[in-house]
Amino acid sequence: MKQDHDLADQDTREAVTSLAKRRGYLWPSFELYGGMRGFYDYGPMGTALKRNIQGLWLRLWVGEEGMIELDSALVNPRPVFEASGHLAEFEDFLVQCADCNANFRADQLLEGLHPNPDALSEEELAGQLEEHGVTCPECGGPISSPTSFNLMFGTRAGPGEGREAYLRPETAQGIFVNFSHLYRLGRERLPFGVAQLGRGFRNEISPRQGIIRLREFNMAEVEAFFHPQKRQWAGDLRKYADTQLTLVPNEGDEIRVTLGEALEKGIMCNEALAYFVGVTTRFLIGVGVDPERLRYRQHLQTEMAHYASDCWDGEAKLSYGWTELVGIADRGDFDLRRHHEHSGQDLRVFVPFPEPVEMEVERLTPVHKELGPRFRGDAKAVAEALMEADASAVGADGMATIPIPEADGKTRLVQVPPECFKLETVVEKRTGEKVLPHVVEPSFGIDRILWTVLEHSFTQRKGEEGEAMTVLKLPPVVAPVTVGVFPLVSKDGLDAIAEEVDGKLRGVGLRTLYDASGSIGRRYARADEAGVPFCITVDHETKEDESVTVRWRDTQDQERLPISHIVTSVKQLAGLD
RNA sequence: GCGGCCAUGGUCCAGGGGUUAGGACAGGAGCUUCCCAAGCUUCUAGCCCGGGUUCGAUUCCCGGUGGCCGCACCA
C-alpha cells in the first residue's frame, strides 16, 4: 500500500513517540546493549494501558459473547506448522542482482516459465533460474543463487538435537490443536467460540515503524466455529445493525453505511463475519480509536492468506497511513481439515438432525477372510475404508476404488475386487451427521491498536502563553491512571486529607496519581499529558464542608462532590462499576 | 537484504581534534501556598558500540548496532 506522509503526520508521530518514551509507555528493548529491531518493552504506563485494552477485549468476547478462553503454548513442534501450512507458506527464497543489488523473490522471477514456481525447492529454483537464463529484471545483470528465509523463529526442544520446534507466528493454531477439548467444554454445540490473548513471533526481514511491525508482538484472536451451512453467530445481529461503518469493498468505492445496510445490499455476505465487525467496532471505539479514522477494507482475492476465503481488515488512519489493526477472515474448514488429515485424529463433530431420518443406503460389507490374505497388513485399513464408502465407489467392472489413509496424512487409492465385499441395501436410521466445523476468525494486533489509541488520543491545546500543552484524551476505561488526587497546598492539613482520599480510592483497586509538588496548574498539566481523565483537589473549602473539586481533563470543567461518596462517584464517572 | 540521511543527559536541541560538553524542558530536595505548565535556591543526569588515524577522538575514517526515508518483503 502506498502511503502519504505529510509534515503534520511526521510531527504527530514524533510527538507521540517522544511522549510514549518519556511517560513510560514504550521503550525500545535492550537499549543498554544497542537495541534490537522489532522488539519493544512496555513501561509502567504502557503495561497498564495494554492490560486495560485487553480487559475490554475480554469483556466483550468472553464476557458478552460467551466465548471460552485459552492460553496455549508458544513453542510448537514442527508438525503443527506442517499441518497449518506455515512451514511451506512462510518459506521464501530471495535472489540478489550482482550489479544493482536489487532483491527479488526467486519464485516470482519464474512466473510464466514454470507452472508452479512457489512449490519448488531451493535446488530446483536454482536449476530453473539457470536453465531459463533469468537475469535481473531491473538492469539485466547476473543474479545470485537463491537464499532461503523463513519468517518463523526456529528452536529445538530438549537436550542434544532435541525436537524441531518453532515459536508460533499466530495464536490460532493453539486453538485448533486443542479443538477436541474445547468443543467438549463448549458443551458440544455449534456455534461456539474460543478467545486467546498472547504473543506471536515473526522474524520479519525489515521491522520498522515503531511498534507497527514487531518481531515479537501481542495478539488477541477469536476462532468461532460454525456449522458449514450456517455461519450465524448466537448474538442478536440487531444489536449492531445501526453501527456506522466506512467500507472499502474489493469491488467499488468506499462507502459509509450501517452494518444492517451492508448486509441488506450484499456488500457483506457473511452474517457471522458482519456480526464480528460490529463487536470489533464497539471494541475499537471503546478503547479510543477515532471512528472517523477507522474503516474496513475487503481483501482482494490475490491478497488473501493461504487459508482464507473472505476477509475484511479493520484499518486505522495513522501518521504511517492506513494500517491494519484487525483481520476478520473466513477460514472455512481449512485449519481443522488439515489437522484432521495430518494428525489422523477425527476432528469432525456430530450434528444431530432436527428429526432422525430413515433412508435406504447401499453399504459395502467387508469379507474379512478374503481381505486378509490379499491385503495383509493393509487389510484392517481397507475394511474400515469399505465401511465408510458407498455404492458409488464400485465401478462397472465390479471393482471398488477406495481411499486409504497413509502415515503422512495423504491417502492412497486401492482397488478392491468384488469377492472381498458384499454390496447390501439396508435401511438406516440416521440421527445426524459428522461435519468439520467452519471458522470465522477475528484477529487483533494489540500493539498496533495501542499505538492507534495513543495517536488518536493525542491532542494539544493552547496554554495561557500560547504554548502547546499536550492532552492525552484516553477513554477512562483504558487510562492507566483513573484519577489524580492533589492537595491545593501542602499545609493547613490539606495534604493529610488528600492522602486519606487517595488511600480510600487505592483501597478499592483504583489507580491514582497523588501529586503535591509544584503549582496546581502544573499538576493538572502533568495529569493531562499522562491521560488521567479527572483530578480531585482538596482545598480549604474541604475543611468546612467535606467536599472536593473534581476537574475534567477534556473540558477543564470543575464540580464539587462530597468526600463521603467519593469512591462510588469516581467509579461511576470512569464507567468502571 | 540494498541505497540515502542520521545518532550528544529522561525529552528536544547546541557544540566541537585537547572544553569544567552548553541550553531548554522533564525529574529530585527545599522555599513559596498559589484552581489551570508562576517564581527562587539547589541537586541528579549525556557524547550508541568496536576498530583505525593521532601525542591525544565525543569530534575525522571504517565496520557494527539502532532510527527515519525509498526499493524489496509484510500470508
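First the proteins, then the strands, lettered A, B, ... as listed; each starts at 1.
Comparing the C1' positions of B:U8 and B:U59 gives an interatomic distance of 11 Å, to the nearest angstrom. Taking atom C1' on both B:G17 and B:A57, the two are 7 Å apart, rounded to the nearest angstrom. With C1' as the reference atom, B:C43 and B:G51 are 38 Å apart, rounded to whole Å. Rounded to the nearest Å, the gap between the P atom of B:C25 and that of B:U41 is 13 Å.
With respect to A:E82 and A:R78, a salt bridge is recorded, a charged nitrogen being found less than 4.0 Å from a carboxylate O. Between A:D502 and A:R506 there is a salt bridge, since a side-chain N of the basic residue sits under 4.0 Å from a carboxylate O of the acidic one.
Rounded to an integer number of Å, the gap from CZ of A:R23 to P of B:C12 is 14 Å. The nearest whole Å value for the distance from the CZ atom in A:R551 to the C1' atom in B:C34 is 16 Å. Computed from coordinates, the A:I212 CD1 to B:G67 C1' distance equals 15 Å when rounded to whole Å. In this structure, CG of A:D495 is placed 15 Å from C1' of B:G30, rounded to the nearest angstrom. One interatomic measurement links the two molecules: CZ of A:R37 to C1' of B:G66, which rounds to 8 Å at whole-angstrom precision. Atom CG in A:D9 sits roughly 11 Å away from atom P in B:C69 (whole-Å rounding). In this structure, A:R215 atom CZ and B:C73 atom C1' are separated by 12 Å, rounded to whole Å. Between the OH atom of A:Y25 and the P atom of B:U11 there is a distance of 17 Å, rounded to whole Å.
Nucleic acid contact for A:D539: base, since at least one base atom lies under 4.0 Å from a heavy atom of the residue.
For an aromatic pair to be called close, the ring centres must be under 6.0 Å apart, and A:F217 with A:F201 fails this. Checked against the 6.0 Å centroid threshold, A:F444 and A:W57 count as a close aromatic pair. Between A:Y514 and A:F486, the gap from one ring centroid to the other reaches at least 6.0 Å.
In this view, A:A48 and A:P480, A:R511 satisfy the side chain to side chain contact (heavy atoms under 4.5 Å, CB included) rule, not counting sequence neighbours. Applying the side chain to side chain contact (heavy atoms under 4.5 Å, CB included) rule to A:S547 yields the partners A:D545, A:R560; only residues at least two apart in sequence or on another chain are considered. When the ring pair (Phe, Tyr, Trp, His ring centres under 6.0 Å) test is applied to A:Y25, no partner is found at least two apart in sequence or on another chain. Applying the ring pair (Phe, Tyr, Trp, His ring centres under 6.0 Å) rule to A:F226 yields no partners; only residues at least two apart in sequence or on another chain are considered. Remark: A:R37 pairs with no residue by the salt bridge (Lys or Arg N to Asp or Glu O under 4.0 Å) rule, at least two apart or across chains.
Using a 3.5 Å distance cut-off with no hydrogens or angles, the side chains of A:D310 and A:N270 do not pair a donor with an acceptor. Between the side chains of A:T171 and A:E221, at least one donor N or O sits under 3.5 Å from an acceptor N or O. Donor-acceptor pairing under 3.5 Å is lacking for the side chains of A:T12 and A:E455. A:D313 and A:H299 share a side-chain donor-acceptor pair at under 3.5 Å. For the residue pair A:Y40 / A:D447, no side-chain donor-acceptor distance below 3.5 Å is found, with atom types taken as modelled. No hydrogens or angles considered: a donor-acceptor pair under 3.5 Å links the side chains of A:E164 and A:Y166.
Taking the nucleotide of RNA chain B with the nearest heavy atom to each of A:T549 and A:G210, the more 5' of the two is matched to A:T549. Map A:T537 and A:S18 each onto its nearest nucleotide of RNA chain B; the residue landing nearer the 5' end is A:S18.
Put simply, A:R448 has no side-chain N or O that comes within less than 4.0 Å of OP1 or OP2 on B:C74. Distances shown here put every side-chain N or O of A:R208 at or beyond 4.0 Å from the OP1 or OP2 atom of B:C69.
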Show me, pair by pair, the donor-acceptor contacts under 3.5 angstrom made by side chains of residues 525-533 of chain A, not counting sequence neighbours?
unit_1 : atom_1 : unit_2 : atom_2 : d
A:R526 : NE     : A:D515 : OD2    : 3.0
A:R526 : NH2    : A:D515 : OD2    : 3.1
A:R526 : NH2    : A:S517 : O      : 3.1
A:R526 : NH2    : A:S517 : OG     : 3.1
A:D528 : OD1    : A:R551 : NH1    : 2.7
A:D528 : OD2    : A:R461 : NH2    : 2.7
A:D528 : OD2    : A:R551 : NH2    : 3.1
A:E529 : OE1    : A:R22  : NH1    : 3.4
A:E529 : OE1    : A:R23  : NE     : 2.7
A:E529 : OE1    : A:R23  : NH2    : 2.9
A:E529 : OE2    : A:R22  : NH1    : 3.1

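In plain terms, the two heavy atoms of A:R168 and A:F81 that are nearest each other are CA-CZ, 3.8 Å.
Looking at A:E204, its side chain has no donor and acceptor atom pair within 3.5 Å of the base of B:C74.
Helical stems involving RNA chain B, defined as 3 or more consecutive Watson-Crick or G-U pairs under 3.5 Å, span B:1-7 with B:65-71, B:10-13 with B:22-25, B:27-31 with B:39-43, B:48-52 with B:60-64.
For A:R295 and A:W322, the positive end sits near the middle of the six-membered ring, less than 6.0 Å away and at most 45° from its axis.
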Using nucleotides 37-41 of chain B, report all nitrogen or oxygen pairs with the protein that are shorter than 3.5 Å.
unit_1 : atom_1 : unit_2 : atom_2 : d
B:A38  : OP1    : A:R522 : NH1    : 3.0
B:A38  : OP2    : A:S519 : OG     : 2.3

What does the list of N/O pairs under 3.5 Å between the protein and nucleotides 8-10 of chain B look like, with a distance for each?
none

Review item, nucleotides 4-7 of chain B N/O atoms under 3.5 Å of protein N/O:
none

Distances for protein N/O vs nucleotides 48-52 of chain B N/O pairs under 3.5 angstrom?
none

Polar pairs (N or O, both sides) under 3.5 Å between protein and nucleotides 42-45 of chain B?
none

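The local environment of CD in A:E251 is sparse, with at most 12 non-hydrogen atoms from other residues, nucleotides or ligands closer than 6.0 Å.
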